[in-house]
Number of protein chains: 2
Amino acid sequence: MDTRERLIQSTRELLWERGYVGMSPKAIQERSGAGQGSMYHHFRGKPDLALAAIDRSAGEMRDRAETAFTGSGTVIERVAAYLRRERDALKGCPVGRLTQDPDVMADPGLSAPIERTFAWLTDRLAGLLAQGREDGELDASLDPATTATALVAVLQGGYVLARAAGSAEVYAQAVEGALGLLAGHVRQP
Amino acid sequence: MDTRERLIQSTRELLWERGYVGMSPKAIQERSGAGQGSMYHHFRGKPDLALAAIDRSAGEMRDRAETAFTGSGTVIERVAAYLRRERDALKGCPVGRLTQDPDVMADPGLSAPIERTFAWLTDRLAGLLAQGREDGELDASLDPATTATALVAVLQGGYVLARAAGSAEVYAQAVEGALGLLAGHVRQP
DNA sequence: GTCTATAGCTCGATAGAC
DNA sequence: GTCTATCGAGCTATAGAC
């Protein structure tokens, strides 16, 4: 891995662990093994480096979701697979956590990829639910858009509750609760 | 409002807006109008002041929830009233947002009130759902504990999505999606 | 109780040698 | 490309006068 790549990876880790306000250029340098001059040669500064890191994390999050959504099985099975996918619940969502960072949200360049990622995710999931409704797999009364938003919110809130409790199990409970609620809208074949 | 109280209120605001790592004693002093010496006379330092602020915010959050839970109406009505209660969605949850703060979670004294608050909230809501099930208002298939966790997660995640989208409306959509899912488990009278 | 002064450190960035 | 030196500002806290 070259220096530029190591800088991006270290920044991704630090943004995940400490957020933007809690992350210093010095910490990035120490973790990546790059020197001061090296960092400022490859990137204009902290915001520039953070943007590269955020773009990378957002792209990865999107790719993983798409993999689950395009998997095999019924709509409900694919949604369940996405929700139950293995996650490091105690670390939180590397993208979602940045919405709590004042300096990230104050910078339109940094907040835009976050906004796009969640807009895409919610829309994609809503499309999947709409398809399940058309196929007769899901109740006609189920609203795809609000339901999709609620499901994504369960994941993001699950991280919050897991961290609050200091237990990844709480995340799993939130997911099972959501799937239990969803089960009431699945039509029996 | 005396100086000590102004310090606590200013700290609550800053923790809400910027989190613990993003909040400096200097900012607290400027917002509260208290001087350096004054702040360190009333509190031992930043962690001590933050603890007082967190305790206050957690207590308020608990009181508001309890008010909704003990209101009039069926269980579903009270749960809906709690979920739909007016909130400043774009500001996020003053307690939940602290779970993303590395320095808060690294300090057991600061994280304990957060853990207690969410444990209480989830348990209280689970008890309400259990009662609704006993009363025949809710489906017997609904698990109170996981459902309660999912509902609290929808709120916490709703804040995340609202901030990501820059729109309080997204929070409302998450709530309506959750209530729509819950509706499938309400027994018709 | 509140003030000012000061400490020692880190922040985010720039400069210029190699 | 990477290094070291340096900058001005802000950080969290302590000291001691009033």
Side-chain angles (χ1 to χ4, degrees), chain A residues 1-56 97-98 100-111, chain B residues 1-56 97-98 100-111:
Chain A
M1 203 162 34
D2 65 3
T3 302
R4 188 188 153 83
E5 189 61 23
R6 283 206 319 276
L7 281 164
I8 293 176
Q9 295 303 336
S10 298
T11 303
R12 287 182 62 189
E13 292 172 17
L14 284 164
L15 279 177
W16 201 356
E17 295 167 17
R18 303 196 42 85
Y20 186 86
V21 284
M23 171 188 75
S24 70
K26 193 185 175 185
I28 298 170
Q29 292 153 29
E30 281 169 0
R31 186 169 299 210
S32 65
Q36 184 89 326
S38 202
M39 187 191 119
Y40 282 100
H41 168 76
H42 290 288
F43 296 95
R44 278 194 303 272
K46 184 178 167 178
D48 189 32
L49 189 38
L51 179 57
I54 293 173
D55 274 340
R56 196 69 71 84
R97 77 148 293 156
L98 299 174
Q100 304 299 324
D101 208 301
D103 292 1
V104 168
M105 299 315 282
D107 183 336
L110 295 181
S111 62
Chain B
M1 201 159 39
D2 64 5
T3 302
R4 187 188 155 85
E5 188 62 24
R6 284 206 318 278
L7 281 163
I8 293 176
Q9 294 304 336
S10 297
T11 302
R12 288 182 61 189
E13 291 172 18
L14 283 164
L15 280 177
W16 200 356
E17 294 167 17
R18 303 197 41 85
Y20 187 85
V21 284
M23 171 189 75
S24 71
K26 193 184 175 185
I28 298 171
Q29 292 154 29
E30 281 169 358
R31 186 168 300 210
S32 65
Q36 184 89 326
S38 201
M39 187 191 118
Y40 283 99
H41 169 75
H42 290 288
F43 297 94
R44 279 195 302 271
K46 185 178 166 179
D48 189 33
L49 190 37
L51 179 57
I54 292 172
D55 274 339
R56 196 69 72 84
R97 78 147 291 157
L98 298 175
Q100 305 299 324
D101 209 301
D103 291 1
V104 168
M105 299 315 281
D107 183 337
L110 295 180
S111 62

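Numbers restart at 1 for each chain; the letters A, B, ... are given by sequence-line order, proteins then strands. The structure presented is a predicted model; accordingly, all values stated were derived computationally and were not measured.
- Between the OH atom of B:Y40 and the P atom of D:dT14 there is a distance of 7 Å, rounded to whole Å.
- A side-chain donor-acceptor contact under 3.5 Å links B:D101 to the backbone of B:Y20.
- Checking side-chain atoms of B:S38 against main-chain N and O of B:A34 turns up no donor-acceptor pair under 3.5 Å.
- If you check every strand for non-hydrogen atoms under 4.0 Å, A:G37 touches a base.
- Chain A approaches DNA chain C over the interval C:dC11 to C:dT14, counting the first and last nucleotide 5' to 3' with an atom under 4.0 Å from its heavy atoms.
- B:S32 places a side-chain N or O within donor-acceptor distance of the main-chain N or O of B:I28, the cut-off being under 3.5 Å.
- To the nearest 0.5 Å, atom CE of residue A:M39 and atom NZ of residue A:K46 are 9.5 Å apart.
- Whole-Å rounding puts the B:Q36 CD to D:dT14 C1' distance at 9 Å.
- To the nearest angstrom, P of D:dA13 lies 11 Å from CD of B:Q29.
- No side-chain heavy atom of A:R97 sits less than 4.5 Å from a side-chain heavy atom of A:R18.
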Protein-nucleic acid N or O pairs under 3.5 Å, nucleotides 8-11 of chain D:
{"unit_1": "D:dC11", "atom_1": "OP1", "unit_2": "B:S24", "atom_2": "OG", "d": "3.3"}

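- Residues B:I8 and B:F43 share a closest heavy-atom pair of CG1-CZ, 3.7 Å.
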| task | Apply the test salt bridge (Lys or Arg N to Asp or Glu O under 4.0 Å) to residues B:E17 and B:R12: give CA-CA distance (whole Å), side-chain angles for both, the deciding distance (0.1 Å), then the verdict. | result | CA-CA 9 Å; B:E17 294 167 17; B:R12 288 182 61 189; over 6 Å; no

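- Here the side chain of B:K26 pairs no donor or acceptor atom with the backbone of B:Q36 at under 3.5 angstrom.
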